[in-house]
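Each ligand, and each atom within it, is numbered from 1 in the order the structure gives. In this text, all values refer to a predicted model and were calculated from it rather than measured experimentally.
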Amino acid sequence: MCGIVGYTGNKAALPILIGGLKKLEYRGYDSAGIAIGGPSAFILRRCKGKVSALDKLVSSEKINGKTGLGHTRWATHGQPSEENAHPHTDCRGRIVVVHNGIIENYIALRKKLKAKKHKFRSETDTEIIPHLIEEKLKKEKNLLKAVRKAIADIRGSYALGIMSSDEPGTIIAARKDTPLIIGLGKNENFIASDIPAILKHTRDIILLDDMETAVIKPDSVAVFDSAGRTVKKKISRIRWNPSMAEREGYRHFMLKEIFEQPRAIQDTLRGKLNPAKGYIHLEDIGLTVPYVKKIRKIFIVACGTAYHAGMVGKFLIEKMLGIPCETDIASEFRYRSPVMNKSDLFIIISQSGETADTLAALRMAKKRGLKTLSICNVIGSSAARETNGMIFTHAGPEIGVASTKAFTTQLIALYLLTLYLGRIRGAIPRQEAVRIMTAILNIPQQIRLILRKSKAIAKTARKYSKKRDFLYIGRNLNYPIALEGALKLKEISYIHAEGYAAGEMKHGPIALIDKDMPIVAIATAGGVYEKLLSNVQEARARNGIIIAVANTGDKNISKSASDVLCVPVTLEELSPLLNVIPLQLLSYYIALYRRCDIDQPRNLAKSVVVE
Ligand code: G6P
């Protein structure tokens with residue numbers, strides 16, 4: 001996720017771009033840049049760090065140009081650095097491009113362009129775009145036509161802002177699977193990734209749709225479909241106040257992030273699965289085939305929500321690969337005496353990549369000579385830099401302290417890894433891999449179905465929002481989900497909640513159950529379904545209130561449960577991905593009814609960089 005803003009009009013572009021970028025920093029802030037039309041060439045300024053660093057860089061300059069593009073970056077391809085910061089240019093600096101998204105076939109395109117003598121200066125996927133346009137302009141006279149030809153060669157997702165010094169005052173915009181809006185003003189127009197960037201200047205916007213391109217000039221906006229036909233677009237008037245706009249109208253970042261999960265998962269999967277061939281593209285994590293074949297044991301170490309993802313990973317790895325796997329909490333791992341061998345693979349999971357205990361555990365494993373891998377949401381983070389390989393979760397910046405979209409994308413990374421290792425080691429037959437991949441690709445749509453029922457979940461939440469204690473129970477792959485559900489509730493609502501392996505209830509927690517105790521039971525289809533039903537009966541017999549997470553249409557569970565939070569049917573292995581969604585929403589709405597500070601709960605921090 002990155003932020004884009006563009007301006008063309010009769011005012012100086014610089015302050016408008018800087019102001020807009022500051023509003024988009026929630027989308028990423030590891031480097032920033034601007035390109036502004038000058039008398040003969042573009043004035044290009046880029047730097048590592050936040051928009052404030054860019055602001056400082058240009059503060060003493062007189063940049064008066066009235067057309068420009070700005071970008072704040074969340075690194076995906078290439079470290080945060082000045083070279084990798086946008087805008088990127090063609091060989092001659094006559095075309096500038098800002099991009100948000102991922103170009104999947106950039107390696108092949110880069111190779112082709114290099115063969116045609118194009119000079120690349122960054123490690124980004126984006127840089128192929130200005131060069132591709134430069135190439136197309138050899139045959140096309142008009143920038144729009146060249147852009148359309150260029151994007152026809154691209155596979156992936158993009159929101160693009162493009163300028164050429166041959167067409168001063170014009171911005172070309174294009175979009176596929178990544179948001180881009182056009183803001184309409186008087187003798188001035190804007191583009192932006194999101195409304196807050198331009199809300200100070202206009203409330204009239206056009207939402208660009210997938211495969212559309214637009215030509216934006218100070219006094220006109222023309223939108224075209226993929227065939228080049230003019231499209232008549234609806235103008236929407238935005239009534240949000242500025243702080244609502246940052247949350248895209250959602251009341252809290254946490255809710256926005258819960259609803260972003262289908263997109264985040266799609267982005268994490270993008271370009272990785274090829275179900276037709278039963279192939280998983282994960283070569284870039286740097287594990288060679290001979291090494292993969294020799295792995296004897298896998299360690300997964302993490303904290304908090306990431307640890308729960310790691311617990312699901314253990315189930316997957318042991319069940320699907322037959323490799324022993326130990327998952328541990330980093331703060332425990334670093335102070336015990338784990339038996340590690342050089343042929344073991346060491347994985348850390350961390351949203352921020354900066355959690356002190358997780359990094360300490362990683363350094364311990366490195367000292368013992370293990371190969372290391374991170375599953376991480378921040379490209380330039382310590383975790384990413386210090387591990388041999390990385391699986392990047394494309395969740396985008398997570399602002400709510402309670403982790404949601406980072407968790408589900410961490411799970412996706414673990415599925416990808418398991419499938420990848422399983423295919424190399426021959427532990428997962430091709431047909432089985434295809435079956436799982438097909439079901440994974442269906443997950444974003446299934447999550448959307450759950451999200452559509454959020455009102456019903458809010459109703460359940462309201463009923464129980466005054467309770468003092470909650471129990472969450474699950475078994476097997478969904479035991480970690482019970483832990484995660486309980487963690488979400490205590491983090492943001494301050495209600496005491498415990499996650500338990502359902503089969504352990506009889507060894508203690510069942511003593512807690514009475515008519516005031518809600519028990520959230522994860523009871524979706526699978527090998528332990530009937531056992532879970534028995535555990536539910538035991539709780540019911542002690543007058544416990546059962547809130548079940550169950551498959552839509554499950555009649556058995558509705559006999560015992562007071563409330564059923566429905567999820568669609570998927571493969572048992574994938575069920576954690578769906579089951580956690582209603583639990584996130586349940587916690588959110590309970591906290592909302594209790595008027596808690598949801599995005600910044602008391603005593604917690606988003607990233608725990610001290611021991
Ligand atoms: C903090 C956050 C949690 C997160 C944990 C691990 O406790 O509040 O949401 O799961 O740290 O953070 P990491 O960045 O390593 O995933």
| request: Assess whether salt bridge (charged side-chain N to carboxylate O under 4.0 Å, His left out) is satisfied between Asp55 and Lys22, documenting all intermediate values. | output: CA-CA 10 Å; Asp55 195 8; Lys22 284 187 177 161; 2.8 Å; yes
| request: Give me the ring orientation class for His71 and His86: parallel if the planes are under 30° apart, tilted from 30 to 60°, perpendicular past 60°. | output: parallel
| field | Contact atoms of ligand 1, heavy-atom distance to Gln351 under 4.0 Å | value | 13 (P), 14 (O), 15 (O), 16 (O)
| field | Heavy-atom nearest option to atom 12 (O) of ligand 1, drawn from Thr355, Asn377, Thr404 | value | Thr355
| message | Tell me the protein heavy atom at minimum distance from atom 11 (O) of ligand 1, and give that distance in Å. | response | Lys606 O, 4.0 Å
| request: Output the list of atoms in ligand 1 that are nearer than 4.0 Å to some heavy atom of Ala306, sorted by atom number. | output: 10 (O), 16 (O)
| Will you find, in the side chains of Thr393 and Asn377, an N or O donor that is under 3.5 Å from an N or O acceptor? | yes
| note | Residue, atom and distance of the protein heavy atom nearest atom 7 (O) of ligand 1 read Val608 CG2, 4.0 Å
| said: Between ligand 1 and Gln410, is the shortest N or O to N or O distance under 3.5 Å? | reply: no
| query | Going by the order shown, which atoms of ligand 1 are within less than 4.0 Å of some heavy atom of Ser403? | reply | 9 (O)
| task | Kindly confirm or rule out an N or O of Val401 lying under 3.5 angstrom from an N or O of ligand 1. | result | yes
| said: Hydrogens and angles aside, do His252 and Asp599 bring a side-chain donor and acceptor to less than 3.5 Å of each other? | reply: no
| said: Taking 4.0 angstrom as the limit and counting only heavy atoms of Thr305, give me the atoms of ligand 1 inside it, by number and element. | reply: 10 (O)
For residues 258-265, dump all side-chain donor-acceptor pairs below 3.5 Å to protein atoms at least two apart in sequence or in another chain.
residue : atom : partner : partner atom : Å
Glu260  : OE1  : Lys405  : NZ           : 2.6
Glu260  : OE2  : Lys256  : NZ           : 2.9
Gln261  : OE1  : Thr408  : OG1          : 2.7
Gln261  : OE1  : Gln584  : NE2          : 3.3
Gln261  : NE2  : Ile258  : O            : 3.0
Gln261  : NE2  : Gln584  : OE1          : 2.7
Arg263  : NH1  : Asp267  : OD2          : 2.9
Arg263  : NH1  : His394  : O            : 3.0
Arg263  : NH2  : Ala395  : O            : 2.9

| field | Shortest protein heavy-atom distance from atom 5 (C) of ligand 1, along with the residue and atom involved | value | Cys303 O, 4.0 Å
| query | Are Asn579 and Thr524 linked by a side-chain donor-acceptor pair shorter than 3.5 Å? | reply | yes
| salt bridge (charged side-chain N to carboxylate O under 4.0 Å, His left out) between Glu318 and Lys314, intermediate numbers included | CA-CA 6 Å; Glu318 293 191 334; Lys314 174 184 163 70; 3.3 Å; yes
| query | Distance under 6.0 Å and angle within 45° of the ring axis: does Arg594 meet both against Tyr494? | reply | no
| Is any N or O atom of Ala605, backbone or side chain, closer than 3.5 Å to an N or O atom of ligand 1? | yes
